[in-house]
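Please read the structure below before turning to the comments.
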Amino acid sequence: MPRCGEQSVKAKSSEKWKRFVHRLVSPARWRERLGGAAFLGPSLLGVAVFFIVPFCVVVFYSLIDNPIQREFVGIQNFTALFKNAAFRQAAKNTLTFSAIAVPLAVILSMILALMLECRIPLKSQLRTFFLSPLMVPVASVVLIWQVLFHYNGALNAILGFVGDARIDWFNSQYGMLPVILLYLWKNLGYNMILFMAALANIPRDLLEVATIEGASAAYRFFAIKLRYLSPTVLFVTIFSMINSFKVFREVYLLTGDYPYESLYMLQHYMNNMFERLDYQKLSAAAVVMAIALVIIIAVLFIVENRFGKDVEG
Amino acid sequence: MYRKPIRILTLFLAAVLLIAAFGGCGKKSGGGEDPNKGGNTENPDTPEFVYLPDYVQPQGNVGRINQCFGVGDKIYFTSALPTGKVQELYPDDEEKDPWYFSIDGDAIHAEKINNGGVGIYVDDVVYPAATTAPVPVSAPEEEPSEPSAEELSEFEAEKQAAIEQYIKYDEDGQLIVPDGYQFWEYDKTEQVLMRMNIDGTGVARLENYALPTPSEDMESDGNLNTMMGDREGRLWVNEQVYAYTYDKDTGEYIDGGEQSYLRQLDETGAEVRRVNLDAVKAASENEWFYVQTIAIDGQDNVYILSDGVIYVIDMEGTVQFKLKSDDWINSMMSLADGRVAAVMYENDGQKLKTIDPAKKAWGDSYKAPNNMYNCLPGSGDYDLYFNDGMCLYGYDVEKGESEQLINWINADINGDYVRGIVPLADGRVVVMLYNWGFGGSGDNDTEMAILSKKPYSAIGNKTVLTLACLYDYEIRDRVISFNKSNDSVRIEVKNYSIFNNYESEDEADQNAGLTKLNTEIISGTVPDLLVLDNLPAQQYMAKGLLEDLYPYIDADSEISREGLITSVLDAVAFNGKLYQTVRNFYVNTIISPKSVVGDISGWTLAEMRQFQSRMPAESAIFRDMTKANALQMLLMYNGSDFIDWSTGKCSFNSQGFIDLLEYCNSFPTEIDWEHYEYQYVPEIVRLREGTMLGLQIGLTDMTEFLAYKTMFDGELAAVGFPCESREGNLLTVNGGLAISSRCRDKEAAWQFVRQDFLPGNGESDRYSYGLSINRADMNQLIERFTKKEYVKDETGKPVLQPITTWWVDDGEEGHEIKIMPAEQEDIDQFMAIIESARPVSGYDQDVFKLVSTEAEAFFTGQKSARDVANIVQSKMQTYVNEHM
């Protein structure tokens, strides 16, 4: 014989089930759902057609022998990909570039934001100055960089003037340096604005209390500001990482299909595979890159969750 | 209370958004016209209609048709009609027999050959054969030299004696070829005006047609320049006539001037109306006057296009006005509505402009496709027709749109042979075809095809195979011949080059055809057959797109691997599989006298330069080249030496490549052609003077090889192009037909493809030349060059006869080399060169671009050869790694 408490639980459960079924079959709810679906439909369709379906096609291509025979080959394309020296070189260069450029982009832009938050002269002009690279078209940026870093460029002219040997920037191990500089020059301003906005949202009273309590500037930064900035740090990191992959555009315009080995990026590999109709290697590389990005972003989310879990909002 | 209308509105908006989203996915039904093609040129896989030909052989000799025009059920045409044969006699030994004869019917043209060189004439007067008196029968082409009367008389007597000595006929009236003479015969043609019925019957010259005579007092000669029909169905001709008189006393011709006429003729060729074009000639700013095209509008204004200027005259020959254009006028034609228009190329593309006779100015201007040439007056739905050699299009001027009417090759017609097109009122199209060369339906044949528009199902129950190519010139005859003779299979050609836009500066537009083909392949629309010329063959092979032909060869009852030159097949095979046909091939090599280079069969660049350093500068093999040319050539010949594809390792940082760069740097950056003095020294002289290190030759048959071997006294070393592997004999193959692995009927495709391997099919033709891939053909060639024939001399001793002779320039009177039958040693050496040849695979546009970009820094002194070599090594290693 069931006890009173058990009866009550069963009754509640039955009531819930009835409410659920009622909601499910209720014409009013259906109309509401249909309306929502109708609004979502075009966007969903767009996302499906332009993102989900192509990604599924890419995954399919990465698992077949070629687009003509279309025989399933399992992970053979991935095995071949990892054995390919060009892919390994491209992956290594891309990771190296991101590992150097992304933290620099986050840290430097945060420093700039903090600097502009202080009472310094020409704040407005400096803000505009740092944002101005965003307005310059890529082709012009590339042209400027060529003028600066070409074998016969301005930088080598200066080196020659001070008596040093010229450096073939784009055709040597130093190739990544001008590209990192270009990346930072292009992205710092925007990241800085994001950090400035985040800094402005930190509750002033909290900072004032900390100051009254005698907290040092470093403590205030690490204990309060950085914690409040953590969602922005995550966003800026992801954004910078995406931009670090997009640096291929500038490298391609500077050095073409086949740059010096230190500048050969994953997108070079993919672009050249596309040109050669090698859709299997291209698709496998794209899938690998997607997985790597998902893992990195997931790790960043976990870190951000842990780091900023006690921050409001 | 407002919720319902709001919901309806939101649903409506959502529906609109959905429809808009789907709208973007729809197939483009029009527009998007490629400026390079005639509008809607793309062939759907199964077209709605097809033009099928009925071939008709004209019932009579129609000659080589130039222009034609249809009126009612009659076709009028101008033709180069053979009117007889011209026979020529050349002496084998000019010193022994210095006379050359040309016999044209009754007239014998005799020339005395001086200094042993054929073509150095001392006499231009033509004498009738039947008479002994020197009566000139035609005008001289050039001003004759003026020998004295005594010299002339002496010379004429000598000539007459020569004619009597050499020109003799046998009982059948056949010319007897004198000993020591060679005989040559060719057709003599006359430009005539003819007519026939559209069924090919009733072929006849217009019986009352004769060239106009400018003056009764003078003799005249001339030619029928152009013919046209106007929209009233009247037949017009333009003739250029030259008048002259012959002064018997001085023996000179007196020029009577040149006249140009426009004449309307009736169906028998009799003159109906004559318009003298003197006024037009006077209005012309040029000294010479030549009518390119004539058109007549609905108001009887005559439009004459001459040297880029259009003159508009009335029927009396009075010039009404003339029109010029800043741009060259390509063509002029009358439109279906009676207006006359001209096509010209302007800065922003090709334009069609009408002429407004009322305003005496250009009328409306329309954008025209870039392939609008060979225009015909329009009819029916089309203002004009035009033929670009691949298709016939109809063009609607107002819409600015052209429509592909007939794709020649898919109508079993070779567009190269189309000499005239006559659209008939009932929609049929009569096409006059003239096969002007090798192969096809017969040499120098004129055929007529009447094309009728039929539903696609009219092709019958045939397996239709699609053949994709970028250029179809080489396969046209073979496809047409196959389609004509095959009842169960039909090949339809998709020429993707029509999608290329060569007017665009964008490389992507210029290669749009290849991109389209590749996109179709990737999306699953794979053609059944491919012609691999200009296609990324290696990629297709690597991706499994193509079928291995070896199993088909093995299974064929007539073809076997043993019956083919396997070394050549192996050289073009990819991973041991043969993906393309080879019809014929040739080998490029460098030959040197063994006395100079010793008995070697290959050399590196450094070794070649070492030999070079011991000889004078003029002995260099590669001359008159720029640094860039030299680099391109050397990369083409031995670029692959620096890449080991089996291990994926590059060696562009090796000394060999540095040597190559330094060698290229020894050439000038640019050749100053303005001050360039070409000094040709014949090979035989260079050989004699010891200034020949080597000579590039192409082995397309044995003649050249044996000639040089004879010249080198049998001591010939085929050293090949300098390369690190010392294997510099380079193979070029013709063929390139491939079956796709998704072919719908591979056996049927093989029936077409196998023809490249059959004996007799590998001989040189108009598009390709070389040695046949078929061993039986090769054996025949060897037999021909080894066959020994003897003729007894005066003492009765048998004398070995030469196979042929090879004339070489020696800077003086020329030198004839007698090529004697080849010995086994010669054949072995020849075959060894072929068997050692490797394909010219070193030339890769990507590789050349990569290397030449970096090499520029060395050539301009910016970087050292080693620095450049290191950079090239880095980039090329990445390139090779990608391909592994």
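By convention in this document, chain letters (A, B, ...) are assigned in the order of the sequence lines, proteins followed by strands, and residues within each chain are numbered from 1.
- Residue A:Gln76 qualifies as open at atom CD: its count of foreign heavy atoms under 6.0 Å is 12 or below.
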Next item on the list: Any chance you could lay out the side chain to side chain contact (heavy atoms under 4.5 Å, CB included) test for B:Asn881 and A:Gln89, step after step, and finish with the verdict?
Entry: CA-CA 10 Å; B:Asn881 286 344; A:Gln89 177 77 41; 6.0 Å; no
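- Heavy atoms of A:Arg166 lying under 4.5 Å from chain B belong exclusively to its side chain.
- Side-chain atoms of B:Ile522 and A:Tyr61, non-hydrogen and from C-beta on, do get closer than 4.5 Å to each other.
- Remark: B:Lys875 fails to qualify as a cation-pi partner of A:Tyr260 under the 6.0 Å distance and 45° angle criteria applied to the six-membered ring.
- Interatomic distance, CD of A:Glu275 versus CD of B:Gln539, reported as 9.0 Å (0.5 Å rounding).
- Around atom OH of A:Tyr174, no more than 12 heavy atoms belonging to other residues, nucleotides or ligands sit under 6.0 Å away.
- The environment of A:Leu134 atom CG is dense: over 12 non-hydrogen atoms of other residues, nucleotides or ligands sit within 6.0 angstrom.
- Only the side chain of A:Tyr151 comes within contact range of chain B, with heavy atoms under 4.5 Å apart.
- Surrounding CZ of A:Phe72 are more than 12 heavy atoms belonging to other residues, nucleotides or ligands, all under 6.0 Å away.
- Shown here is B:Arg866, whose CZ atom has no more than 12 heavy atoms of other residues, nucleotides or ligands within 6.0 Å.
- At most 12 heavy atoms of other shown residues, nucleotides or ligands fall within 6.0 angstrom of atom CZ in A:Phe274.
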Notebook entry, point to check: So B:Glu882 and A:Asn84, side-chain hydrogen bond (donor to acceptor under 3.5 Å, both in side chains) or not? Walk me through it.
Noted result: CA-CA 7 Å; B:Glu882 269 187 1; A:Asn84 188 283; over 6 Å; no
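- Rounding to the nearest 0.5 Å gives a distance of 12.5 Å between CZ of A:Phe170 and CD1 of B:Ile871.
- Looking only at distances, no side-chain donor or acceptor of B:Thr878 sits under 3.5 Å from a matching main-chain atom of A:Glu261.
- If you tally non-hydrogen atom pairs under 4.5 Å between each of A:Asn171, A:Asp168, A:Leu40 and chain B, the highest count goes to A:Asn171.
- Atom-to-atom distance recorded for A:Ser172:OG and B:Asp867:CG is 10.5 Å, nearest 0.5 angstrom.
- Distance check, rounded to the nearest 0.5 Å: CD of B:Gln877 to OH of A:Tyr258 gives 12.5 Å.
- Going from atom NE2 of B:His883 over to atom NZ of A:Lys281 covers 8.5 Å, rounded to the nearest 0.5 Å.
- Note that OG of B:Ser874 is 9.0 Å distant from CD of A:Gln173, once rounded to the nearest 0.5 Å.
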